[in-house]
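Data first, discussion second: the structure below is written as structure tokens.
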Amino acid sequence: MGAKKGQLKDIQKMLGGIEKADKPAAGAKLNAVKSAINSAFEGAQQNLAGGDDSGSDPTFDPTLPGTRPSLGHIHPITQTISHLTEIMGRMGFEVAEGPEVEDPWHNFVALNIPEDHPARDPLDNFYLATAKDPSGKSSVSAGDEGSQLLRSQTSTVQIRVMKEVQPPIRIISLGRVYRPDAPDATHFPMFHQMEGLLVDTNVTMANLKTVLRVFANNYLGEDVEIRFRPSFFPFTEPSVEVDFLWNGTWIEFGGAGMIDPNVFAAVGYDPEKVSGFAFGLGVERLCMRRHGITDIRDLYSGDLRFLKQF
Ligand code: FA5
């Protein structure tokens, strides 16, 4: 409190101008105010330095501006999942979830993928080593009904939902899937899919196309066009690949189709009475399109300089 200027100094100067008889009392009052202010200031300084000053750093200056703690940040894929959920929610699709470790019945059998189908090949799936094999090596074959695996598609959730509830159904499921694909600019061994499932009566391909078009227009913009190319999936008939035209290029985002009667039969529905469609879109590919990301590996590099941009 050794400042040369200030309100107390001004008051001190005024002491010279008062009656001699009043000077001692005025001086004492001024000193009392000074020491009250001094001790309040020291107290505040001690509080800032961490309570009583035993052990606190004498070089700590509480008047210096602090460093901002760096706050966490929501990953772009998590942001994309929220955005997609919100768009589909506006069309009445509710969120359903399923486990990432699946059994072959949900991942293949109920989806009409027969035992000898290449999609079940151990080279194309992450099968889990069985408890019987303590070496950690997987000794399972594709036809082993009991061997669990990391799900290779979110279509498993279609089966779980249909086993549990009766139509009408209108759900989406967003989550991780796993495939032993070599990483490159558009492939990663772990990625996310958005599954859609609608089951009711008299559902048509036109309904499927409309839902996907409305979705694409909401996510990518009004000028996006949608195209269906004939394809094959064991669990849909007919099946299509879904392309979006964006900035002059057709890009494949996923597969879709009308639910195969064998799938309805597997979950105990009467294929004569219900109809429905399903689709499965790659979430990373959608996110990359929207944000101009050219390499999927950037999303999982953990590089904060990249991630902080979103
Ligand atoms: C399927 O997984 C089907 N289950 C989709 C489906 C659902 C069809 C419902 C019919 C009815 P596909 O294997 O084509 O289909 O994968 C769908 C999308 O996932 C691809 O178009 C692509 O966008 C994305 N995808 C596939 N593999 C990878 C990968 N390794 N890395 C990133 N994205 C991938």
Side-chain angles (χ1 to χ4, degrees), residues 76-77 80-81 84 88 93 96 98 102 106-108 110-113 117-121 123-126 149-162 169 171-199 203 205 207-209 211-212 215-216 219-220 226-244 246 250-264 275-290 293-300:
I77 288 299
T80 305
I81 288 174
L84 303 183
M88 295 306 293
F93 285 80
E102 267 293 6
H106 288 90
N107 202 83
F108 302 123
L111 287 164
N112 199 29
I113 304 177
H117 195 279
R120 297 180 67 155
D121 195 307
L123 292 175
D124 289 328
N125 293 282
F126 287 114
L149 72 159
L150 294 175
R151 67 178 176 191
S152 60
Q153 50 184 351
T154 44
S155 300
T156 52
V157 186
Q158 290 180 33
I159 303 301
R160 291 193 171 269
V161 170
M162 287 192 282
I169 293 173
I171 59 105
I172 48 163
S173 187
L174 288 124
R176 294 189 188 93
V177 299
Y178 303 84
R179 295 180 191 176
D181 289 346
D184 64 21
T186 53
H187 292 86
F188 209 68
M190 183 285 299
F191 60 100
H192 295 71
Q193 287 187 335
M194 174 169 75
E195 193 79 12
L197 171 71
L198 186 146
V199 185
V203 181
M205 286 285 268
N207 300 136
L208 168 61
K209 201 165 183 177
V211 165
L212 287 174
F215 161 73
Y219 186 64
L220 295 173
I226 184 164
R227 174 173 82 176
F228 282 174
R229 272 180 299 117
S231 185
F232 175 78
F233 294 100
F235 34 93
T236 45
E237 180 58 37
S239 302
V240 290
E241 302 269 9
V242 185
D243 299 338
F244 295 141
W246 201 59
W250 287 103
I251 299 136
E252 183 204 310
F253 282 99
M258 304 306 293
I259 311 281
D260 192 289
N262 288 341
V263 175
F264 282 143
S275 50
F277 65 69
F279 57 84
L281 309 183
V283 173
E284 280 77 1
R285 304 253 176 108
L286 286 164
C287 169
M288 287 164 72
R289 265 294 121 189
R290 194 180 144 99
I293 299 168
T294 50
D295 195 323
I296 191 172
R297 290 166 294 194
D298 288 338
L299 287 165
Y300 299 113

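Note that ligands are numbered from 1 as they come in the structure, with each ligand's atoms numbered from 1 the same way. The figures here come from the full heavy-atom set of this structure, side chains too, leaving out hydrogens, waters and symmetry mates.
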Just say parallel, tilted or perpendicular for the rings of His192 and Tyr300, cut-offs at 30° and 60°.
parallel

Please determine, by modelled atom types, if Ser152 and Asp124 share a side-chain donor-acceptor pair under 3.5 angstrom.
no

Under 4.0 Å from ligand 1 - residues by heavy atom, chain and number
Gln153, Ser155, Gln158, Arg179, Asp181, Thr186, His187, Phe188, Phe191, Gln193, Glu195, Phe233, Phe235, Thr236, Glu252, Phe253, Gly254, Gly255, Ala256, Ala278, Phe279, Gly280, Gly282, Arg285, Ile296

What is the ring orientation for His117 with Phe232, classed by angle as parallel under 30°, tilted 30 to 60°, or perpendicular over 60°?
parallel

Distance col, row Ile296:CD1 vs His187:NE2, nearest 0.5 angstrom, shows 8.5 Å

Mind checking what makes salt bridge (charged side-chain N to carboxylate O under 4.0 Å, His left out) contact with Arg176, not counting sequence neighbours?
Glu100

Is the closest side-chain heavy-atom distance between Leu208 and Leu212 below 4.5 Å?
yes

